[in-house]
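Every value quoted in this text rests on a predicted model; they were computed, and no experiment measured them.
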Amino acid sequence: QVQLVESGGGLVPAGGSLRLSCAASGRTFSSYAMGWFRQAPGKEREFVAAINWSGLSTYYVDSVKGRFTISRDNAKKTVYLQMNSLKPEDTAVYYCAADPSQAYTSVVRSTTRGYAYWGQGTQVTVSS
């Protein structure tokens with residue numbers, strides 16, 4: 001079992017930056033691929049970024065490439081999402097998720113399939 005707790009959300013003006021953190025509990029965290037997703041009001045949850053267990057493989061949705069960076073610190077059992085040059089369309093609740101199906105692989109998923117554990121989410125609001 002893995003429990004995930006996100007933090008770091010808030011209100012920021014367009015062009016600003018935020019760093020989201022996702023703290024995990026459980027001994028198996030370091031073996032799992034991790035992902036960040038977001039959901040805006042009235043919209044479906046969408047993939048943002050993912051990272052494999054070692055941190056050597058990452059993947060981003062096109063809309064955040066060059067602006068967002070996903071990273072992880074397995075010793076601290078934490079995954080991060082550094083968000084720069086934020087835009088109003090980035091406004092959403094951001095969720096981190098753990099994918100145990102890809103433990104110790106280079107594969108990262110860009111859909112919710114396989115992500116068995118989810119955090120409660122953290123709100124990010126970007127003002128124009």
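- Separating the CG atom in L20 from the CH2 atom in W36 is a distance of 4.5 Å, to the nearest 0.5 Å.
- Note that OG of S106 is 9.5 Å distant from CG of L56, once rounded to the nearest 0.5 Å.
- Remark: the backbone N or O of S57 is paired with a side-chain donor or acceptor of N52 at under 3.5 angstrom.
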- Worked verdict on S101 versus R109 for side chain to side chain contact (heavy atoms under 4.5 Å, CB included): CA-CA 10 Å; S101 71; R109 297 179 183 268; 3.3 Å; yes
- Do T28 and V2 pass the side chain to side chain contact (heavy atoms under 4.5 Å, CB included) test, and can you show the C-alpha distance, the side-chain angles, and the key distance before you say yes or no? CA-CA 8 Å; T28 52; V2 174; 3.9 Å; yes
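- Taking the six-membered ring for Trp and thresholds of 30 and 60 degrees, Y115 and F37 have ring planes more than 60 degrees apart, a perpendicular arrangement.
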Indicate every side-chain donor-acceptor pair of residues 41-49 with a distance under 3.5 Å to a residue at least two apart or in another chain.
| from | atom 1 | to | atom 2 | distance (Å) |
| --- | --- | --- | --- | --- |
| R45 | NE | Q39 | OE1 | 3.4 |
| R45 | NH2 | Q39 | OE1 | 3.4 |
| E46 | OE2 | R38 | NE | 2.6 |
| E46 | OE2 | R38 | NH2 | 3.1 |

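- Taking a 6.0 Å sphere around CD of Q120, one finds it holds more than 12 heavy atoms contributed by other residues, nucleotides or ligands.
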- Apply side chain to side chain contact (heavy atoms under 4.5 Å, CB included) to F68 and L18, showing your working. CA-CA 10 Å; F68 291 11; L18 282 174; over 6 Å; no
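- Judged by the 6.0 Å and 45° rule, R67 forms no cation-pi pair with Y60.
- For V108 against A50, the heavy-atom pair with the smallest separation is CB-CB, 3.7 Å.
- In this structure, the side-chain contact (heavy atoms from CB on, under 4.5 Å) partners of T105, at least two apart in sequence or on a different chain, are Q102, V107.
- Here the closest heavy-atom approach between residue T78 and residue A23 is recorded as OG1-CA, 4.2 Å.
- Taking 4.5 Å as the limit, every side-chain heavy atom of M83 sits out of range of all side-chain heavy atoms of V12.
- Of the possible donor and acceptor atoms, one in the side chain of E6 sits under 3.5 Å from a partner among the backbone N and O of C96.
- Residue Y104 belongs to a hydrophobic cluster whose other members are W53, with links defined by side-chain heavy atoms closer than 4.5 Å.
- Within the 3.5 Å criterion, the main-chain N or O of K77 finds no donor-acceptor partner in the side chain of N74.
- Shown here for G119 and Y95, the closest heavy-atom pair between the two residues is O-CD2, 3.6 Å.
- Summarising the geometry of S127 relative to L11, their closest heavy-atom pair is CB-CD1, 4.3 Å, with the distance given to 0.1 Å.
- Residues V61 and Y80 do not share a hydrophobic cluster, clusters being chains of Ile/Leu/Val/Met/Phe/Trp/Tyr side chains in contact below 4.5 Å.
- In this structure, M34 and C22 approach most closely via the heavy-atom pair CE-SG, 4.3 Å.
- The shortest distance between side-chain heavy atoms of D99 and Y32 does not fall below 4.5 Å.
- Look at D90 and K87 and you find no salt bridge, because none of the NZ, NE, NH1 or NH2 atoms lies under 4.0 Å from a carboxylate O.
- Minimum heavy-atom separation, A14 to S128: CB-CA, 4.5 Å.
- Listed for the T91 side chain is a donor-acceptor partner under 3.5 Å among the backbone atoms of V126.
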